[in-house]
Structure formats: structure tokens, C-alpha cells
Chemist: 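Would you mind keeping the following structure in view while I ask a few things?
Every chain is numbered from 1 and lettered A, B, ... according to where its sequence line falls, protein lines coming before strand lines.
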Amino acid sequence: MTRQILVTNALPYVNGDIHLGHLVEHVQTDVWVRFQRMRGHEVRAFCGDDTHGTATMIRARQEGREPEALLEEMNERHREDLAAFDVIYDHYGSTHSPSNQKLVNEIWEALRGAGHVAERDVTQLFDPETGVFLADRFVKGTCPRCSAEDQYGDSCESCGAAYRPEELSNPVSALSGAVPELRTAPHFFVTLEDFRAFLEEWTQREGVLQPEIANWLMGSFLSEPLRDWDVSRPAPYFGFEIPDAPGHFFYVWLDAPVGYMSSTWDWCEQTGEDFDRWWRNPECEIHHFIGKDIAYFHTLFWPAMLKTAGQPLPRRVHVHGFLTVNGEKMSKSKGTFVLGRTYAEHLSPHYLRYYLASKLSDRVTDIDLNLEEFTAKVNADLVGKVVNLASRTARFLKNDSLTEVYPDDGGLFEAGAAAAEEIAAAYEACDSGRACRIVMGLADRANEYVEAKAPWALRKQPGKEEEVRAVCSVALNLFHQITTYLDPVLPRLGEGARALLGVEGPPRWDAAAVPLTARPVAPFRHLMQRVDPERVEAVVAASASSEAS
RNA sequence: GGCGGUGUAGCUCAGUCGGUUAGAGCGGCGGCUUCAUAAGCCGUAGGUCGGCGGUUCGAGUCCGCCCACCGCUACCA
């Protein structure tokens, strides 16, 4: 049965470049999307920039230009950076679009109409110099508990205390350095407790969330009355003005997830596709891929919005952990806060795709990029095992072709074909680490076979030409089978393997089930270079010296 | 503090429904090979499965308590 699948990624915030942390998610998603396409399903992937909020407004102001100019520049950079890693979207949009505004307004109307909106005053710190209300993170001051200086307005990094920004001693605005004052303004709230019964059911529904996320929601947010969600900000704010409340704007997180819909909408406009078939169709599976930091937006607020708007709910929300580098938080001073573009200047993006995919699972745990292991793993697994299979046999078939009938290989190819469903199940569950482990096992078996048959020895014996051809035909078929299984992770390697063996068309999962025969073998070219540790060092050095934003 | 998660070999991690002697890759050590991008193959060493207690014929696995680490705790996004 062909499934119809709509996939989204968390929308990168416009105020920064794509870094390796973003790429954990985009690679995980892209692997899943490519896998589903290989299986013959109808898949569309959408992403875009998250654009609204105070941060964008302030930065544009500082740079003396309109926010729209900043948005345009960053959108292009984000697209370039993701494309460099072979991450493909059907449409990469922006939350600052007419379609997004239209869709947000519709959802707002639904929330209002259903009586889920309340209004009340909020007192907040206000920066008199820039004229903006300050979110917790835009206030700095001295911790009221331990007196550590230069702490954010919500919590102290030194002693871990949590407090309200007005409790800070010596508070200053992080935007201007001015001393903030308290001001009161009306805000609109979504009364989330209205959705309790629905959320208790939906979040615990089998298959919608990973168990640890479902447990966490039940033990935290859902263990007490849900607080009202503050969804408006008084002017000035870069965002959409609330239609029935002039001078008030939608909080960025109200319109951000709607960006998934508007990105689809814009794609439909361009291609003539039917929007309702993708977003208002219970048959269409919607899959969100996000980081654990924004899990509650996607598992509480967003489903409540969709439910109110009468939309189908996500089939699954896939939550992943963060990336650490060499066991620590990414750090600009240590050169481990690496931008995608910095990495790609020195190293092949495919190395990173494989390394991340080999470590990703369906769990929410953080994954570590250990740079020594990165070098060793890519060289050992991809160059030493997989590519080596072709490298050590293809040239023996120069100007020749694969055998007319697939030779007896002791059941190796068949065993590889039999593993297809287990590997597919791992990809389906986002457990690409498991998929990679199984495939590397196949590569080990294949190398053992070549070792045992020793075609390099056979070819020195007169009259053994056909035997050499048979052994190499087996090795190249196993290579093709393996690269087919790895194609979601390493599409260019798959392409190279198909070019070597003259296979036409896009990658197909079932290509791993049937051996190739009687095909000419193209001259072998190296399909992948070894990782040079000096290049890894160069990435770290470049990251340490560059002003990463 | 509360909540969620994690803890298995030097490193990164598998370990299904509780079931023989706990596995893999990398790294180490010894050997073979020299077709292949210093790639490959064989062998070998290395573990009180965080600790204590319990259930059970049997616990890495289930239960309780404790310890350590990570994360989250709603108006940064």
C-alpha cells in the first residue's frame, strides 16, 4: 500500500546560520524521507525559516535595515547550507509570508470562536531606551541568591536558581544596557486546560510520541492544571498583528508551527497541488521531526491549535536529543561550535551524514560527535569496508561484464536480501544506527568472502578467468546491495555504485533483492576519499577563529 | 526542589518475552595477506552489567532504596 506522508523539520530561526546541531535533525529527517521514497511512498518534505520575534527586530534595527532584507539573506544562506549536505525539501519557506498570516488568522479565529482565548494584564520589564518589553533572556543582572553577576533574567547559570526577571539585583536590558522599568500591558492567552482530556488521550496514544516524551508530559505539564499560554506581545514586535486587537502581535511560537502548513501552501501554489489533500486529509500521515527543547510546543500547544481548527493531528512527533562535540556542549571558544558551511569548506558532508546516521536512534538521548571516532569510523566503515569491496574487485572486471547467471556465493546475497525488512524496520523507526550496524555486518561478510576466494591469486592461474569473473560479480553485487541499503544516508555513494554497474533511474529499495547480471562494469573511480585528520583540525581551527553568530 | 532519562570492555554502543559461558565496532596485543584509498582476514587479552537489597529454579533484564551524570521546569528561539 502506498502511503502519503508529509514530513517537517523544526524551522531554523532566522537569526543564525545552520550549525552541526541543526544538521543532526535535518540529516535524521532526510534519511527517513529518502528511505520512504525508496520504498515507493508518496513523500513531501517541508521546512522554512522561523522569522518572528524580538531578536529579529533588534538585529535588523542594529544593522539599520528592514527585517525583510535580513530574512531574505538568511533564507538563502539556510537553503545553501542544507543543500550542501544533500538535505532536500520540496519547499523551504518562511513564516513571514502572506500564506502564513492567512493560516494563523484562521486558527486564531477558531480559537476565539471556540472560547479558548482569555485576556488579562501582564506586568513585565520594559526597556525605555529601545521601547520594547523584555523577555527573560533579554534582561541581565546579579543573581538574587548567589550574587553571581551577568545572569539572565530567568535563571542563574552559576547556582541554578530560578527566579523572575524583576527579582534580579541591578537589572539591565541586554539590548541597550538601560535600566528596565516595570510596565503593564494586556496580553491574550490560550486557555490550555480546556484541552486536558484531549491532550491526556492524544499524548499517550500508541505511536504518537516516544515513551520517554509521553512519560515526561504526564509527569510534568499534565500532572497539574495547564497554565494559560501567553500568545500575544504588545507593539513593537516583529510578527503578525492580531486582526481583532490592533497594536498586539502574535507571539512567535503561535505562528512558527503554522509555517509547516504555509510552506506546504506555497508549494501547492507553485505546483498546482491540492493543499487540502496534504493538510486536511486524514489519510495523509504528518510527521514532525524536532529537538527535545521544543517538544512541549509540538505536543501541547500545536495539537491544541490543530484540534481547534478541525485539522487532522500529527501521526507522529519524532524527538531527538542534542549534539555534543568531544563529549561537551558545543563551544565557540573551543572551536566545537561548527557551522555547516565551515565544515563543508573542509570536509565532505557525506562523512557527517554517515557518522550522525550511525549514531542516531529513536531515543531522545544526546549524541556525541567525537572527532577522533569520526575519522576512524568513516575510514573504517565506508572506505575500508564498503567502498573497498568495489575497489578491490572492479578492476579485475575491466572491459568485462558481470556473469550472465549470478554465481553460487554460499547464500550471501540471499542472506543480504533477507535482511531487507529488518533494515527497513530500523529506518522506519528512525533507528538508523541499527540499520547501519546491520549493513556493516553484511559488508564484513562480503569482505570475508573476497578474502577467502582471493581473486588476485586466481587470476594468476591459467584457466581460472571465469572463476575470477564469478567472484568479482558476487563482490560487486554485494556492494550494490549494501550501497542500496545505505542510499538514504549516502545518496551519492549509491549514485556512484549505480553508475559503476550501469543501473538507471532513482534508487529503489527492492533493487537489493535481485542480483545484477550480464552488465558491463565501468572503469572504477574512487567513490569516497579517506578522512584526513588534518582537515578535521582545520574545521576546529576555523570555527574557533570565526565569529559564529 | 519536582519531573524525565542515562549508567554494560579503554572509547562508542547492542543486548528481544527474565533463560546456557554477556556481544559488536573502534582502540590494544600477536599473526596472515599484500587485490584494494596504510585498505582486508584470523587469533587474543579486556567486564563485580553504578551500589545495596528483594522477587524468582534462574536477574544486565522485573521491584524498592541509594549514588553519579545529563536534560527539562511554560513570556530566548
Side-chain angles (χ1 to χ4, degrees), chain A residues 10-16 50-56 122 124-125 133-139 152-155 160 162 164-165 174 187 189 192 210-224 226-233 251-253 256 292-297 300-301 321-322 324 327 329 358-359 361 363-368 370 372-377 379-381 383-385 387-396 433-434 436-437 440-441 444 446-460 468 471-472 475 524 526-530:
Chain A
L11 310 182
Y13 194 59
V14 74
N15 196 22
D50 180 20
T51 58
H52 292 148
T54 309
T56 307
V122 170
Q124 233 182 327
L125 289 175
F133 282 94
L134 296 167
D136 297 353
R137 277 275 150 159
F138 293 128
V139 185
Y152 286 116
D154 52 352
S155 64
R164 299 167 50 76
H187 282 229
F189 294 79
L192 207 60
Q210 288 128 300
E212 57 263 60
I213 298 293
N215 291 346
W216 162 69
L217 290 171
M218 276 314 262
S220 54
F221 293 91
L222 292 167
S223 69
E224 52 187 66
L226 290 157
R227 287 179 239 164
D228 293 347
W229 179 33
D230 187 349
V231 295
S232 77
R233 296 292 181 274
Y251 170 51
V252 54
W253 263 109
K292 61 186 181 181
D293 52 333
I294 56 174
Y296 60 80
F297 291 108
L300 298 174
F301 308 156
F322 292 152
T324 56
K329 262 189 189 174
S358 77
K359 301 207 109 185
S361 73
R363 308 298 307 275
V364 190
T365 52
D366 292 352
I367 63 173
D368 185 46
N370 179 289
E372 276 182 37
E373 189 200 18
F374 168 81
T375 306
K377 194 175 184 73
N379 287 342
D381 288 1
V383 181
K385 284 180 188 169
V387 174
N388 193 223
L389 272 174
S391 180
R392 69 195 304 202
T393 56
R395 61 188 222 112
F396 298 151
R434 182 177 171 80
C436 289
R437 280 195 300 279
M440 285 310 138
D444 285 337
N447 274 303
E448 287 161 21
Y449 171 86
V450 174
E451 192 74 22
K453 295 290 181 185
W456 51 89
L458 288 173
R459 71 196 271 272
K460 289 174 186 159
V468 171
V471 170
C472 294
F524 180 76
H526 282 175
L527 294 168
M528 189 174 280
Q529 300 303 315
R530 294 175 58 78

Chemist: Please work out if A/M218 contacts a base, only the sugar-phosphate, or nothing of the nucleic acid, heavy-atom cut-off 4.0 Å.
Modeler: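 Answer is nothing: A/M218 stays at 4.0 Å or more from every strand.
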
Chemist: A/D136 has an atom CG; how far is it from atom P of B/rA77, in whole Å?
Modeler: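 That distance rounds to 10 Å.
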
Chemist: Can you find an N or O donor on one side and an acceptor on the other, under 3.5 Å apart, linking the side chain of A/R437 with the base of B/rA14?
Modeler: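 Check fails, no donor-acceptor contact within cut-off.
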
Chemist: How close or far is atom C1' of B/rC41 from atom CG of A/N447, stated in whole angstroms?
Modeler: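 Checked: the CG to C1' distance equals 9 Å.
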
Chemist: Students often get this wrong, so: under 4.0 angstrom with heavy atoms, is A/N215 touching a base, only sugar-phosphate, or nothing?
Modeler: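 It contacts sugar-phosphate atoms only.
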
Chemist: With a non-hydrogen cut-off below 4.0 angstrom, is A/F221 in contact with a base, only sugar-phosphate, or nothing?
Modeler: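 Base, at least one base atom sits under 4.0 Å.
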
Chemist: What is the nucleic acid contact for A/R459, judged by heavy atoms within less than 4.0 Å: base, sugar-phosphate only, or nothing?
Modeler: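 Since no nucleic acid heavy atom lies under 4.0 Å of A/R459, the category is nothing.
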
Chemist: Once you apply a heavy-atom cut-off of 4.0 Å, does A/L527 come out as touching a base, just sugar-phosphate, or nothing?
Modeler: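 Base, at least one base heavy atom under 4.0 Å.
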
Chemist: Could you state the CG-P distance from A/N370 to B/rC26, rounded to the nearest angstrom?
Modeler: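 These atoms are roughly 15 Å apart.
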
Chemist: Across the strands shown, which category fits A/D293 at heavy-atom distances under 4.0 angstrom: base, sugar-phosphate, nothing?
Modeler: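 Base contact.
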
Chemist: Taking atom types as they are modelled, would you say the side chain of A/E212 forms a donor-acceptor pair with the base of B/rG4 within the 3.5 Å cutoff?
Modeler: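 A donor-acceptor contact between them is absent.
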
Chemist: Within the structure shown, what part of the strands sits under 4.0 Å from A/V387 by heavy-atom distance: base, sugar-phosphate, or nothing?
Modeler: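 Result for A/V387 = base.
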
